[in-house]
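No hydrogens, no waters, no symmetry mates; every other heavy atom, side chains included, goes into these values.
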Amino acid sequence: MANKQQPSFTLAFVAAALILLAGQVTARREIIEVKGRGVTDPILEAKLIDMLEETERTKDKVPVLGNSEMVKYCDNAYGMSIENLKKALGMLQRGIKSPQGFKELEAIVLVVMKAYEECDHVFAENAKPSPFGISNTKLKSLGTKCKQYAEEDAKQN
């Protein structure tokens with residue numbers, strides 16, 4: 001008897017989990033209209049902040065790693081990335097008025113992701129492992145999420 005009841009319990013559990021997940025996905029895509037200023041996306045904003053803070057933490061490692069040209073290149077890349085992420089955050093916090101605004105934000109994220117990629121590439125060209133590799137992988141993952149959210153927001157706006 002116990003075996004016959006277990007599959008229905010498992011099926012009910014899976015169904016409940018799917019309904020819960022579907023609700024979270026739907027809730028995620030709600031963007032907020034900022035009176036007279038356009039729209040913003042609090043989830044995208046949170047991801048951009050995560051990306052900015054992780055970039056700042058990674059840049060803070062630079063002084064410990066010496067003065068090689070490769071490290072200097074990455075230091076400059078992180079500095080420019082921080083400036084670009086602050087620009088993207090500012091755009092989002094002021095409110096974006098058109099799909100083009102989200103596309104511009106997406107383009108900024110792509111430039112930042114390219115900087116992380118180039119940092120790793122500089123080390124690879126010199127046949128050395130990047131001391132920033134783990135951080136850059138995490139940053140590129142965050143960037144991919146930001147890019148996806150910006151793409152979705154551009155379609156909705």
Worksheet entry | Note, Leu44 side chain near Leu105 side chain (heavy atom, < 4.5 Å) | yes

Discussion item. To the closest 0.5 Å, what do you measure between OH (Tyr78) and CG (Leu139)?
Written reply: 6.5 Å

Worksheet item: Within a strict 4.5 Å, meaning less than it, do heavy atoms of the Arg57 and Glu53 side chains meet?
Response: yes

Worksheet item: Do the side chains of Leu142 and Leu110 join up, straight or via other hydrophobic residues, at under 4.5 Å, putting them in one cluster?
Response: no

Item to complete: Taking the side chain as every heavy atom from C-beta outward, state whether Met51 and Cys146 have any atom pair closer than 4.5 Å.
Response: yes

Discussion item. Restricting to non-hydrogen atoms, name the atom on Asp120 and the atom on Lys140 that form the minimum distance, rounded to 0.1 Å.
Written reply: OD2-NZ, 3.6 Å

Practice prompt. Check whether any side-chain heavy atom of Leu48 lies under 4.5 Å from a side-chain heavy atom of Met91, and answer yes or no.
Written response: no

Worksheet item: In terms of heavy-atom contacts, does NZ of Lys114 have more than 12 from other residues, nucleotides or ligands at under 6.0 Å?
Response: no

Discussion item. So for atom CG, which belongs to Asn67, do other residues, nucleotides or ligands contribute more than 12 heavy atoms lying within a distance under 6.0 Å?
Written reply: no

Worksheet item: Measuring from Lys147:NZ to Glu152:CD, what's the distance to the nearest 0.5 Å?
Response: 10.5 Å

Worksheet, complete the sentence: Heavy atoms of Cys119 and Phe132 approach each other most closely as SG-CD1, 3.6 Å

Item to complete: Report yes if some heavy atom in the side chain of Lys128 is under 4.5 Å from a heavy atom in the side chain of Ser68; otherwise report no.
Response: no

Worksheet item: Would a distance-only check, ignoring hydrogens and angles, find a side-chain to backbone donor-acceptor pair under 3.5 Å from Thr40 to Gly95?
Response: no

Worksheet item: What are the two closest non-hydrogen atoms of Phe102 and Ala150, and how far apart are they?
Response: CB-O, 3.6 Å

Worksheet item: Which atom pair, heavy atoms only, marks the closest approach of Ala154 to Lys103?
Response: CB-CG, 4.3 Å

Practice prompt. Find out if a path of hydrophobic residues (ILVMFWY) with successive side-chain heavy-atom gaps under 4.5 Å connects Ile49 to Tyr116.
Written response: yes

Worksheet, complete the sentence: Here the pair of heavy atoms bringing Cys74 nearest to Phe123 is SG-CE1, 3.6 Å

Response to the item:
Sequence neighbours excluded, the answer for salt bridge (Lys or Arg N to Asp or Glu O under 4.0 Å) partners of Lys72 is Glu69

Worksheet item: Just how far is it from atom CG of Asn76 to atom OG of Ser81, taken to the nearest 0.5 Å?
Response: 10.5 Å

Fill in: Validation row: Asn136, Glu117 side chains within 4.5 angstrom (heavy atoms)
no

Response to the item:
Distance col, row Thr58:OG1 vs Ile82:CD1, nearest 0.5 angstrom, shows 8.5 Å

Worksheet item: How long is the gap from CG on Leu89 to CD1 on Ile108, to the nearest 0.5 Å?
Response: 10.0 Å

Worksheet entry | Side-chain heavy atoms of Glu118 within contact of Tyr73, under 4.5 Å | yes

Discussion item. How long is the straight-line distance from CD of Glu83 back to CG of Leu52, given to the nearest 0.5 Å?
Written reply: 11.5 Å

Fill in: Nearest non-hydrogen partners of Met113 and Gly143, listed with the distance
SD-C, 3.4 Å

